[in-house]
Amino acid sequence: MPKTQLNVRVDEATAEAARQRALQRGMSVNRYIEELVKQDAGEVGHTFVEAAADFMKQYESVFAEEFGTEGKGTSR
């Protein structure tokens, strides 16, 4: 995948923390930041799926009453 440059401004303490964490992990600061963003994006997706599943459990009876239960558990 092609890379694009992204410039951000952070205070010196944050910049130093990023440098140290990247060094501890044996990677560049760029790679470290990229991994953090990917990880955060993945967690958001996971959180959304969990919330959707909880919603469906909570309102399953409402959907069943409104739309019926035929075909439940089967592909159409």
Side-chain angles (χ1 to χ4, degrees):
M1 175 184 305
K3 300 276 184 170
T4 186
Q5 185 171 336
L6 176 66
N7 296 311
V8 296
R9 292 182 185 272
V10 296
D11 61 65
E12 186 54 42
T14 302
E16 186 57 31
R19 289 183 201 106
Q20 289 300 317
R21 300 296 281 187
L23 182 65
Q24 290 170 352
R25 288 171 172 72
M27 61 178 65
S28 69
V29 173
N30 286 338
R31 180 72 179 167
Y32 175 66
I33 301 295
E34 183 178 15
E35 290 299 317
L36 286 177
V37 171
K38 286 180 179 179
Q39 191 176 55
D40 185 50
E43 288 175 14
V44 169
H46 182 70
T47 301
F48 172 79
V49 170
E50 284 183 346
D54 288 344
F55 175 86
M56 289 305 295
K57 282 181 188 175
Q58 185 176 357
Y59 292 99
E60 180 178 17
S61 63
V62 175
F63 281 96
E65 184 178 313
E66 181 69 24
F67 302 107
T69 57
E70 80 179 42
K72 185 176 179 179
T74 62
S75 301
R76 289 187 185 198

>> Going by ring pair (Phe, Tyr, Trp, His ring centres under 6.0 Å), name the residues that satisfy it together with Phe48, two or more places apart in sequence or in a different chain.
In response: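 Phe48: no ring pair (Phe, Tyr, Trp, His ring centres under 6.0 Å) contacts found.
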Would [X] end up clustered with [Y] when hydrophobic side chains under 4.5 Å apart are linked, directly or stepwise?
X: Val49; Y: Met56; answer: no
X: Met27; Y: Val29; answer: yes
X: Phe67; Y: Phe55; answer: yes

> Lys57: what forms a salt bridge (Lys or Arg N to Asp or Glu O under 4.0 Å) with it, not counting sequence neighbours?
Replying inline: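 Scan of Lys57 (salt bridge (Lys or Arg N to Asp or Glu O under 4.0 Å), adjacent residues dropped) gives none.
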> What residues form a salt bridge (Lys or Arg N to Asp or Glu O under 4.0 Å) with Glu34, not counting sequence neighbours?
Replying inline: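 So Glu34 forms a salt bridge (Lys or Arg N to Asp or Glu O under 4.0 Å) with Lys3, Arg31, Lys38.
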> Who pairs with Asp11 by side-chain hydrogen bond (donor to acceptor under 3.5 Å, both in side chains), at least two apart in sequence or on another chain?
Replying inline: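 Scan of Asp11 (side-chain hydrogen bond (donor to acceptor under 3.5 Å, both in side chains), adjacent residues dropped) gives Thr14.
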>> Taking side-chain contact (heavy atoms from CB on, under 4.5 Å) as the definition, give me every residue that meets it alongside Val8, ordered by chain and number, with sequence neighbours left out.
In response: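 If we apply the side-chain contact (heavy atoms from CB on, under 4.5 Å) test to Val8, skipping adjacent residues, the hits are Leu6.
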> What is the minimum heavy-atom distance between Ala18 and Tyr32, and which atoms define it?
Replying inline: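 What the structure gives for the nearest pair is O-CD2, 3.9 Å.
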> How would you list all residue pairs meeting salt bridge (charged side-chain N to carboxylate O under 4.0 Å, His left out) that involve residues 15-30, not counting sequence neighbours?
Replying inline: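 Sorted result for residues 15-30: Glu12-Arg19, Glu16-Arg19.
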